[in-house]
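The next block holds one structure in the form of structure tokens; read it before the comments.
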Amino acid sequence: MPSPPSRLAYIDWMRGLACVLMFQTHCYDSWLSGDARKSTFFMYSQLGGTLPAPLFLFLAGISVAFVVQKSRQKEKSPSAIGRAVIRRGAQVLGLGLLFRLQEFVIALGWSPWSDLFRVDILNTIGISIILMGALCWIVLSLRRSAAVALPAAAAGVALAISTLSPLLWTVWRPRFLPWPLESYINGVHNLGEPQAWLFPIFPWSAFAFVGLALGAILFSEWGRAKEAAIVLLAGAAGIALIYLARWLDASPRQIYPVYDFWHTSPNFFLIRVGLLLAILAAVYSWCRWGAGAWGFSPLVQLGQTSLLVYWVHIELVYGRLSILPKKSQSVQAASIGLIAIFLLMLLLSMVRTRMKGGRAVVGRLSSVGSKAAVN
């Protein structure tokens with residue numbers, strides 16, 4: 001079977017979509033004045049802001065499955081595959097901690113020291129990749145064929161994380177842990193109770209394991225042969241999940257002593273998984289049969305450098321380098337600022353890609369020169 005390509009356009013496009021949704025959420029949240037924040041426009045803007053984090057985690061899971069499949073084609077051992085994924089997760093977690101340190105230093109004087117231990121999205125992506133690496137190591141060690149075992153195990157972990165979240169936020173809180181560690185479980189931070197604006201493992205990592213489950217199916221030998229059918233079927237299943245979750249939520253029977261639909265409910269998790277699957281099917285169709293495959297795509301470009309544009313845009317929106325005065329703009333002014341952020345991040349992404357391409361060319365030329373010298 002031929003190896004899958006080094007990048008998949010629809011995955012990059014979807015990651016770029018997450019970047020754009022993130023830009024608009026942060027720009028309007030940072031810049032709009034008090035009156036503008038009372039508008040219906042702002043409400044829908046922030047509603048769109050509930051998608052980027054699940055998208056990034058879901059795509060991280062798909063990317064791990066992609067890397068695992070490529071490594072298995074090279075006949076690497078389960079331990080080598082697991083260590084490589086865990087090492088990548090540790091790198092992302094390290095970047096998340098470094099980002100928190102940078103934010104603290106930049107805001108020195110008015111940022112509390114506890115911000116150093118905030119569980120942000122990069123931290124959770126890193127931890128999720130580490131956990132997925134451990135799962136892949138275990139499953140691949142137990143079974144040579146992972147076409148069924150890995151998707152089933154990943155889906156099982158996602159279900160377990162989702163169903164345990166309401167309990168770990170309330171009656172099963174691990175209060176014996178120091179708050180910086182407990183915060184990775186339920187986002188308690190140093191405030192005495194879980195905070196909805198943080199990204200703890202429960203429930204957020206569940207989205208990454210859903211991505212791993214789907215990716216393991218897509219990149220398997222039979223999955224690559226039926227890619228389009230699987231993605232479209234996943235989209236249809238996503239719509240069915242949304243209706244199922246709404247039906248379950250409307251049921252008078254509840255199994256949790258404390259039920260919080262918007263933050264820990266497994267039903268809301270299923271609704272968001274359904275949305276992710278539907279978006280994946282739509283983006284796949286757009287990139288395969290629509291204009292998404294025509295020439296240069298700004299979203300694909302942003303998706304290829306999503307970590308960089310995430311890192312930089314935060315300073316230009318929330319930091320001291322904000323391109324507009326915060327909490328004082330109209331919707332029109334903030335929208336102009338949003339367009340500026342989008343164009344700046346696109347330019348930065350293109351420069352980054354060009355630099356990486358130049359280094360790759362130099363590396364290839366150096367390799368050819370070395371071989372010629374040896375010969």
Side-chain angles (χ1 to χ4, degrees), residues 11-30 43-64 89 92-93 95-97 99-100 103 118-132 157-158 161-162 165 168-169 183-189 194-212 214-215 238 260-280 283 299 302-303 305-314 317-318 345:
I11 298 299
D12 284 333
W13 203 100
M14 198 168 173
R15 193 175 284 114
L17 173 64
C19 289
V20 172
L21 290 171
M22 175 179 63
F23 294 162
Q24 69 87 24
T25 303
H26 291 167
C27 287
Y28 292 127
D29 178 59
S30 175
M43 179 191 71
Y44 281 112
S45 164
Q46 299 309 292
L47 184 62
T50 63
L51 282 174
L55 278 167
F56 283 130
L57 285 158
F58 176 69
L59 293 170
I62 292 180
S63 297
V64 166
V92 175
L93 176 60
L95 288 172
L97 297 174
F99 180 73
R100 293 261 47 89
E103 294 299 287
R118 182 191 302 180
V119 181
D120 218 332
I121 186 62
L122 279 182
N123 306 59
T124 306
I125 291 175
I127 291 289
S128 299
I129 294 174
I130 291 172
L131 295 174
M132 288 188 289
V157 172
I161 291 173
S162 176
S165 293
L168 290 170
W169 277 50
S183 197
Y184 276 91
I185 303 298
N186 55 25
V188 72
H189 203 54
Q195 301 297 307
W197 47 276
L198 295 176
F199 298 92
I201 295 169
F202 296 86
W204 291 98
S205 288
F207 294 109
F209 281 95
V210 171
L212 177 62
L214 180 60
D260 185 347
F261 176 80
W262 292 107
H263 301 129
T264 60
S265 164
N267 295 328
F268 187 43
F269 169 73
L270 289 178
I271 288 174
R272 290 195 285 186
V273 169
L275 285 173
L276 293 175
L277 295 176
I279 291 171
L280 176 68
V283 170
L299 292 189
L302 286 172
T305 58
S306 56
L307 177 58
L308 175 64
V309 299
Y310 167 80
W311 197 296
V312 174
H313 97 279
I314 288 291
V317 174
Y318 284 115
M345 294 304 98

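None of the values given here were measured: they were computed from a predicted structure.
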Test of understanding: with side chain to side chain donor-acceptor pair (under 3.5 Å), list the residues that count as partners of Trp262, not counting sequence neighbours. none
Heavy-atom nearest pair, Pro200 first then Thr124, reads O-CG2, 4.2 Å
Interatomic distance, Met345 atom CE to Ser306 atom OG [nearest 0.5 angstrom]: 13.0 Å
Could you check whether Ser63 and Arg15, counting side-chain N and O atoms only, form a donor-acceptor pair closer than 3.5 Å? yes
Any donor-acceptor pair under 3.5 Å from Ser30 side chain to Cys27 backbone: no
Using side-chain heavy atoms (C-beta onward) and a distance below 4.5 Å, is Leu55 in contact with Leu21? yes
If you measure from CZ on Phe199 to CZ on Phe56, what distance do you get to the nearest 0.5 Å? 10.5 Å
State, with a plain yes or no, whether a side-chain heavy atom of Leu214 is found less than 4.5 Å away from one of Leu277. yes
Student check: side-chain heavy atoms of Ile201 and Ser128 closer than 4.5 Å: no
Looking only at heavy atoms, what is the nearest atom pair of Arg118 and Asn123, with distance? O-ND2, 3.8 Å
Ring pair (Phe, Tyr, Trp, His ring centres under 6.0 Å) with Phe23: which residues, sequence neighbours excluded? His313
Aromatic ring centroids of Phe261 and Phe268 under 6.0 Å? yes
Are the ring centres of Tyr310 and Phe99 closer than 6.0 Å? yes
In Å, rounded to the nearest 0.5 Å, how long is the span from CG of Leu302 to CH2 of Trp13? 11.0 Å
Do the non-hydrogen side-chain atoms of Val283 and Ile11 ever get within less than 4.5 Å of each other? no
For a quick check under 3.5 Å, do Asp260 and His263 share a side-chain donor-acceptor pair by atom type? yes
Val188 and Asn186, any side-chain heavy atoms less than 4.5 Å apart: yes
